[in-house]
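Notes for the one structure printed next.
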Amino acid sequence: MDARQISEAMNAWYARAARDLPWRSPDIDPWGVLVSEFMLQQTQVDRVLPRWLEWMERWPRPSALAAEEAGEAVRAWGRLGYPRRALWLHRAAVEIAERHGDRVPSDIDGLLALTGIGPYTARAVAAFAFGDRHPVVDTNTRRVIARLVHGRAAAGMPSPRDLADMEALLPEDTREAAVFNAAAMELGATVCTARAPRCAECPVAQWCEWRGAGYPDNAPQKRPRQARFEGSDRQVRGRIMALLRGARDPIAVDEVIAAAGEGGVRDAAQPRRAYDSLIADGLVVEFEGAARLP
DNA sequence: CACACGTGGCT
DNA sequence: TAGCCAAGTGT
């Protein structure tokens, strides 16, 4: 396996086949990249695209978002999912405006200190917004490496070894490294997909250990299956958030609790439990017996 | 560190 | 179709 051949083939494929996404445009500033990375956490490109365009027009700089109430960010987040990301992005905007002079920090430690930014997003912003040479590893990249390098059908649990694996493939040249990070993610998202990979279109199929071994069904142990969504607290929280997003005025708490139960609940205490957890998360605020976005 | 956290598309 | 999966993070 030749890391240089692989990175060159992957980057050539990326130059030809990458989707034309606005946050990849050369004249997008680091704020635009950061917003895209928040929205893309656990969320596919197709769903993010229209929302990102709206946000960038409305809040072209961190200070513009920071000047709003947090609830406006949550409302504008719409149905993207995980609304606390909207809350955290608003907090990050405040932190950038107040502590960094309205400029997104370029170093990984500075990025990690921002609310809602973890190991993945910090590296992604440093690499994609500032062009620095860092291995960036997301779920797509982990799957590509699992198959290409380790001959496994799927990636195992995330591990510090993931970064070392990516570093071993990463070109020395800074510019090429940034492209390769994006190329590995793009390949995983569009060709080396979790189900039904399109190996006939893969630029590195000839070096793929998993393919070479005849596609063995050797996926490592996965995380325990996540709880059923139907009937979950998450679903009930989602109902409450949808109700409050659509309301300009505060809604009586009793009314919110009643509405949360419409559509079915697992137990009688569930609406109240879900409501309390949203209060605890700061996604809902209560004042004089009425609930609204923060 | 295992777990909770939305929503929608795909097979 | 019920379950899997998706550019993760904070606790």
Side-chain angles (χ1 to χ4, degrees), chain A residues 14 18-19 21-24 32-52 74 77-89 91-92 111-129 134-144 153-155 157-160 162-163 166 181-190 192-198 219 221-245 260 263 270 273-274 276-278 280-284:
Chain A
Y14 184 81
R19 292 167 294 180
L21 303 175
W23 47 85
R24 289 175 176 164
V33 174
L34 188 152
V35 171
S36 79
E37 293 297 345
F38 265 87
M39 291 184 169
L40 287 162
Q41 289 168 9
Q42 299 281 281
T43 308
Q44 302 89 335
V45 164
D46 290 350
R47 298 178 52 210
V48 165
L49 202 41
R51 202 59 71 190
W52 183 88
V74 174
W77 198 255
R79 302 186 65 81
L80 264 188
Y82 292 142
R84 52 189 189 185
R85 288 183 295 162
L87 203 56
W88 291 340
L89 178 49
R91 285 182 195 159
L111 287 160
L112 280 173
L114 298 173
T115 303
I117 293 193
Y120 163 75
T121 303
R123 292 173 169 278
V125 172
F128 301 143
H134 300 290
V136 180
V137 177
D138 77 331
T139 189
N140 291 303
T141 300
R142 293 191 333 101
R143 182 175 53 255
V144 168
M157 305 284 285
S159 129
D162 298 338
L163 282 182
M166 188 58 175
N181 278 314
M185 291 173 60
E186 184 77 350
L187 190 74
T190 64
C192 192
T193 50
R195 284 170 294 185
R198 298 146 69 174
Q221 185 83 23
K222 289 182 205 162
R223 306 173 58 152
R225 196 175 71 249
Q226 96 175 4
R228 180 181 188 77
F229 179 70
E230 194 69 28
S232 66
D233 283 11
R234 289 160 86 160
Q235 183 182 41
V236 177
R237 283 168 56 105
R239 286 182 200 146
I240 294 173
M241 292 307 296
L243 176 66
L244 296 182
R245 276 198 311 268
Q270 193 172 30
R273 187 167 65 240
D276 287 345
S277 73
L278 289 170
D281 287 349
L283 282 165
V284 175

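In this text, all values refer to a predicted model and were calculated from it rather than measured experimentally. Per chain, numbering begins at 1; letters A, B, ... match sequence-line order.
Atom-to-atom, CD of A:Q41 to P of C:dG10 comes out at 8 Å; the value is rounded to the nearest Å. The nearest whole Å value for the distance from the CE atom in A:M157 to the C1' atom in C:dG8 is 13 Å. Regarding A:E230, its CD atom lies at a distance of 10 Å from the P atom of C:dA2, rounded to whole Å. Distance CD (A:Q42) to P (B:dC3): 16 Å, rounded to an integer number of Å. Atom CE in A:M241 sits about 9 Å away from atom P in B:dT7, given to the nearest Å. In this structure, CZ of A:F38 is placed 15 Å from P of B:dG6, rounded to the nearest angstrom. Rounded to whole angstrom, the span from the CZ atom of A:R195 across to the P atom of B:dG9 amounts to 14 Å. Between A:M185 atom CE and C:dA6 atom P the separation is 12 Å, expressed in whole Å.
Taking atom P in both C:dG3 and C:dA7, the straight-line distance is 22 Å, to the nearest Å. Remark: the separation of the P atoms in B:dG8 and C:dT9 is 23 Å, to the nearest Å. A gap of 16 Å separates the P atoms of B:dC3 and C:dC4, to the nearest Å. Of the P atoms belonging to B:dC1 and C:dA6, the separation is 23 Å, rounded to the nearest Å.
Screening A:R51, A:R245, A:M241 for a side-chain contact (heavy atoms from CB on, under 4.5 Å) involving A:R79 leaves a single residue, A:R245.
Nearest nucleotide to the side chain of A:W88, out of B:dT7, C:dT9, C:dG3: C:dT9. Set against C:dG10, B:dG6, C:dA7, the side chain of A:E37 has C:dA7 as its closest nucleotide.
When heavy atoms are screened at a 4.0 angstrom cut-off, A:I117 is found touching the sugar-phosphate backbone but no base atom. No engagement by A:A124 is indicated, since no non-hydrogen atom pair under 4.0 Å with the nucleic acid exists. A:P83 comes within contact range of the sugar-phosphate backbone alone, with a heavy-atom separation under 4.0 Å but no base atom that close. As judged by a 4.0 angstrom heavy-atom cut-off over every strand, A:T139 is placed among residues touching the sugar-phosphate backbone only. Residue A:L87 is out of contact with every strand shown, counting any heavy-atom pair closer than 4.0 Å. Counting any heavy atom pair closer than 4.0 Å across all strands shown, A:W52 reaches no nucleic acid atom. Residue-level contact check: A:G118 touches the backbone only, with heavy atoms under 4.0 Å from sugar-phosphate atoms and none from bases. Residue A:R91 is out of contact with every strand shown, counting any heavy-atom pair closer than 4.0 Å.
Between A:S277 and A:R237, the side chains place a donor N or O and an acceptor N or O closer than 3.5 Å (distance only, hydrogens not considered). Side-chain polar atoms of A:S36 and A:R24 form no donor-acceptor pair below 3.5 angstrom.
Each of A:R234 and A:T115 lies near DNA chain C, and the nucleotide nearest A:R234 is the one positioned closer to the 5' end.
Proximity of a side-chain donor or acceptor of A:D233 to a complementary backbone N or O of A:A274 within less than 3.5 Å is not detected.
Contact of A:Q44 with C:dA6 (side chain to base): a donor-acceptor pair of N or O atoms is detected under 3.5 Å. With hydrogens and angles ignored, no donor-acceptor pair under 3.5 angstrom links the side chain of A:R47 to the base of B:dG8.
An OP1 or OP2 oxygen of B:dG6 is reached within less than 4.0 angstrom by a side-chain nitrogen or oxygen of A:R237. One finds a side-chain N or O of A:R79 lying less than 4.0 angstrom from the OP1 or OP2 phosphate oxygen of B:dG8. When the side-chain nitrogen and oxygen atoms of A:T121 are compared with OP1 and OP2 of C:dT9, one or more of them lie within a distance under 4.0 Å. OP1 or OP2 of C:dA6 sits under 4.0 Å from a side-chain N or O of A:R143.
Between A:V125 and A:L34, the shortest heavy-atom contact is CG2-CA, 4.1 Å.
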Evaluate side chain to side chain donor-acceptor pair (under 3.5 Å) for A:Q41 paired with A:Y120, printing each intermediate quantity in order. CA-CA 9 Å; A:Q41 289 168 9; A:Y120 163 75; over 6 Å; no
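Counting only heavy atoms from C-beta outward, the side chains of A:F128 and A:M185 approach each other to under 4.5 Å.
Taking the 5.5 Å centre cut-off and the 30° plane limit, the aromatic side chain of A:Y82 is classed as stacked on B:dG6.
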